[in-house]
There are 2 protein chains.
Amino acid sequence: MAVHEGGAAALFRPVRTRNAFEETVGRLLQAIRLGVAAPGEKLPSERDLAARLGVSRVTLRDAIRALVDAGYVESRRGRYGGTFVAVTLPSPPPRPAPGDDLEDVLTLRRVLESGAAEAAAARTLTPAERRHLTAALLDVSDVDTDEAEYRRRDSRLHLAIAEVAASASLTTAVADIRTRVNELLDAIPLLAVNIEHSDAQHRSIVDAILAGNPVAARQAMDEHLDGTSALLRGFLCG
Amino acid sequence: MAVHEGGAAALFRPVRTRNAFEETVGRLLQAIRLGVAAPGEKLPSERDLAARLGVSRVTLRDAIRALVDAGYVESRRGRYGGTFVAVTLPSPPPRPAPGDDLEDVLTLRRVLESGAAEAAAARTLTPAERRHLTAALLDVSDVDTDEAEYRRRDSRLHLAIAEVAASASLTTAVADIRTRVNELLDAIPLLAVNIEHSDAQHRSIVDAILAGNPVAARQAMDEHLDGTSALLRGFLCG
DNA sequence: ATCCAAAGGACTGATGCTGGCCCATTGAAC
DNA sequence: GTTCAATGGGCCAGCATCAGTCCTTTGGAT
């Protein structure tokens, strides 16, 4: 009698997809792409970052070196020096075919992000959290025609929603799934119409969360996600 | 201007919590604890497992050795030999205080598992999937007073629900969160009353999924999870 | 003008993990 | 009874990664 095949795939998956160097590059890229580290901003010092990422300074430096070469960051020596996110970011390399995992990504995103919205609305938010959320919302609606910048602020709003759900693991999961979704979005054009829709939907979501209405928050998020899901399916699958 | 503090914590978290050996032990233990590898069953061969886990055979063997020493598995040499899950599993070591992450775990679990139930109900299941789900349901209701065995079958049912949601990443996430929940459950007693309640709730969940009713599936799962959440909060927090 | 603290840059020895190779054991098939 | 294939057991050279240490650059404080 051998192990049950169904669940085995989920558990006997690779323990480590990438090595420490690659993971580190990925993590930094993720921070830049999601807008957590905005253009021009300074990253933490190498010693600090290495400690936070649980990686040796050598490995971190190799990763930073790769990002410098690729044009994502710049390093300056001396006191008040550091590593800075480039003011003008390189455009991401063209992605290969998204393949089977389109539905995988969309399914997981719906579960995580709608769940986060509901969980956030179910809590009693502190004033700081309410401000954080509102600020992120205003940021998104305040972009003039820079597609890349819009996508970063959009990600930051969605991350902020996950944050106020007050589950660190959930925030992490949302950050990961957004990175995957963004990779797919990079392959398709962003239309002004979509942005207008999104802005209105963002407002509904945040309103529902601030009002403490979990059902409405979930529903608003569902609607919002359905929009981009349809967009992605249309461009990538049709 | 430094990086935005909120999201930074989610992204600048450790790249690797544990080393390859520890991760491997954890993965195998997870498979055993969740009942994916049931007592007496044979694990895949070392060469096969090492490949699936993306780890060298040396590392895998070290991990297996640790599990042999701990009494979780037994190895037999020769053709038709292999590594077998022990027939009587050791009881898990007493856990330290669960601490802050109780709410973290419970929040994420609700998001993932209720989301999985809804996603599963939203699909049109194949006959094989319907059978898989039904079989897992019958398995759970068919346990006589063996607490550990009950928990394994319970986990397998919940995993089966995630599987029929047809998102590999979601299945993985559910497996991980269940491992964390089970660690907490190990610290508290399981009452017969709870089992009866659970059986009825399991039936409602599966019924809703088979009927293709996402709203009912989510609601049933929410109710089910609320039960154990309350139990855990009561025992661990009060 | 000098000093100094904070940052990046560079090196080294120790350790973990890998990939490959061969040996030892077992039970079925012939 | 011999053979053979599949499996666990063990070993080793090489590479990745780590922790620690020291050097270099820079600009504000004195």
Side-chain angles (χ1 to χ4, degrees), chain A residues 1-3 8 12-28 37 40-86, chain B residues 1-3 8 12-28 31-32 37 40-86:
Chain A
M1 187 164 37
V3 301
F12 295 157
R13 76 204 125 109
V15 142
R16 295 186 166 176
T17 317
R18 302 178 291 179
N19 59 29
F21 165 75
E22 290 169 328
E23 292 245 31
T24 306
V25 172
R27 214 48 100 53
L28 297 178
E41 276 186 357
K42 178 178 180 297
L43 295 182
S45 77
E46 291 183 356
R47 289 167 175 84
D48 183 8
L49 247 190
R52 293 205 215 187
L53 295 177
V55 115
S56 80
R57 235 189 105 203
V58 184
T59 303
L60 174 66
R61 283 177 51 65
D62 284 348
I64 290 181
R65 176 62 173 280
L67 293 180
V68 169
D69 290 347
Y72 284 96
V73 301
E74 295 166 11
S75 287
R76 286 203 291 276
R77 300 182 67 166
R79 184 157 192 183
Y80 304 95
T83 305
F84 299 81
V85 179
Chain B
M1 189 165 33
V3 302
F12 296 156
R13 76 203 125 110
V15 141
R16 295 185 167 176
T17 317
R18 302 178 290 179
N19 59 28
F21 165 75
E22 291 170 328
E23 292 244 32
T24 306
V25 173
R27 216 44 104 52
L28 297 178
I32 295 171
E41 277 186 355
K42 178 179 180 295
L43 296 181
S45 77
E46 290 183 354
R47 289 165 177 85
D48 185 7
L49 247 191
R52 293 205 216 187
L53 295 178
V55 115
S56 81
R57 235 190 105 202
V58 182
T59 303
L60 174 66
R61 281 177 50 62
D62 285 347
I64 290 180
R65 176 63 173 279
L67 292 181
V68 169
D69 290 346
Y72 284 96
V73 300
E74 294 166 11
S75 287
R76 285 204 291 276
R77 300 180 68 165
R79 186 157 191 185
Y80 303 94
T83 305
F84 299 82
V85 179

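Here the structure is a predicted model, which means the values were calculated and not measured. What's counted below: heavy atoms across the whole structure, side chains too, no hydrogens, waters or symmetry copies. Within every chain, numbering begins at 1; the chains are lettered A, B, ... in the order of the sequence lines, protein sequences first and strands thereafter.
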**Q** Test for a donor-acceptor pair under 3.5 Å between the base of dG8(D) and the side chain of Arg47(B), counting only N and O atoms.
**A**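 Per atom types, the contact qualifies.
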
**Q** Could you check Thr59(B) against Asn19(B) for side-chain contact (heavy atoms from CB on, under 4.5 Å), going step by step and ending with a plain yes or no?
**A** CA-CA 10 Å; Thr59(B) 303; Asn19(B) 59 28; over 6 Å; no

**Q** Should the side chain of Arg79(A) and the base of dA7(C) be counted as holding a donor-acceptor pair, with the cut-off at 3.5 Å?
**A**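 Looking at the base of dA7(C), it does not pair with any donor or acceptor on the side chain of Arg79(A) (distance under 3.5 Å).
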
**Q** Is the shortest heavy-atom distance from the side chain of Leu49(A) to the side chain of Leu28(A) under 4.5 Å?
**A**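 Yes, their side chains come closer than 4.5 Å.
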
**Q** Starting from P on dA10(C), measure out to CD1 on Ile64(A) and report it in whole angstrom.
**A**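 Going from Ile64(A) (CD1) to dA10(C) (P), I get 13 Å.
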
**Q** Below 4.0 angstrom from OP1 or OP2 of dC18(D), is there any side-chain N or O of Ser56(A)?
**A**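 For Ser56(A), the contact criterion (side-chain N or O under 4.0 Å from OP1 or OP2 of dC18(D)) is met.
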
**Q** CZ of Arg57(B) versus C1' of dC22(C): gap in Å, rounded?
**A**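 Arg57(B) atom CZ is separated from dC22(C) atom C1' by 11 Å.
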
**Q** Among Arg65(A), Glu46(A), Arg27(A), find the residue that satisfies the side chain to side chain contact (heavy atoms under 4.5 Å, CB included) test when tested with Leu60(A).
**A**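 Only one option passes, and that is Glu46(A).
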
**Q** May I have the distance from Lys42(B) (atom NZ) to dA6(D) (atom P), rounded to whole angstrom?
**A**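 After rounding, the reported distance stands at 12 Å.
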
**Q** Should the side chain of Arg77(A) and the base of dT24(D) be counted as holding a donor-acceptor pair, with the cut-off at 3.5 Å?
**A**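 Result: at least one qualifying N/O pair found.
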
**Q** I need the minimum non-hydrogen distance between Phe21(A) and Ala66(A), along with the two atoms involved.
**A**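 What the structure gives for the nearest pair is CZ-CB, 4.0 Å.
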
**Q** With the side chain of Thr59(A) defined as its heavy atoms from C-beta on, choose the nearest nucleotide among dT17(D), dC17(C), dA7(C).
**A**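 Comparing dT17(D), dC17(C), dA7(C) against the side chain of Thr59(A), the answer is dT17(D).
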
**Q** Tell me: CG of Leu53(B) to C1' of dC17(C), nearest whole Å?
**A**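 In whole Å, dC17(C) C1' lies 14 Å from Leu53(B) CG.
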
**Q** By nearest nucleotide on DNA chain D, pick out whichever of Gly54(A) and Tyr80(A) is the more 5' one.
**A**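 Closer to the 5' end of DNA chain D: Gly54(A).
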
**Q** Between P on dC11(D) and CZ on Arg65(B), what's the gap in Å once rounded to a whole number?
**A**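 Rounded to whole Å, this separation is 11 Å.
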
**Q** Taking atom C1' of dA7(C) as reference, at what distance in whole Å does atom CG of Leu43(A) sit?
**A**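 From Leu43(A) CG to dA7(C) C1': 13 Å.
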
**Q** Starting from C1' on dG16(C), measure out to CG on Asp62(B) and report it in whole angstrom.
**A**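 So the CG-C1' distance, Asp62(B) to dG16(C), works out to 10 Å.
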
**Q** Any chance you could measure Leu53(B), atom CG, to Arg16(A), atom CZ, to the nearest 0.5 Å?
**A**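 So the CG of Leu53(B) and the CZ of Arg16(A) are separated by 12.0 Å.
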
**Q** Determine: side-chain N/O of Thr83(B) to OP1/OP2 of dT7(D), distance under 4.0 Å, yes or no.
**A**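 No.
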
**Q** For Arg76(B), which contact category applies under a 4.0 Å heavy-atom criterion: base, sugar-phosphate, or nothing?
**A**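 Result for Arg76(B) = sugar-phosphate.
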
**Q** Identify, between Glu46(B) and Arg16(B), the residue whose nearest nucleotide on DNA chain D lies closer to the 5' end.
**A**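 Whichever sits nearer the 5' end wins; that is Glu46(B).
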
**Q** Between Arg61(B) (CZ) and dG16(C) (P), how many Å, whole number?
**A**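 From Arg61(B) CZ to dG16(C) P: 18 Å.
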
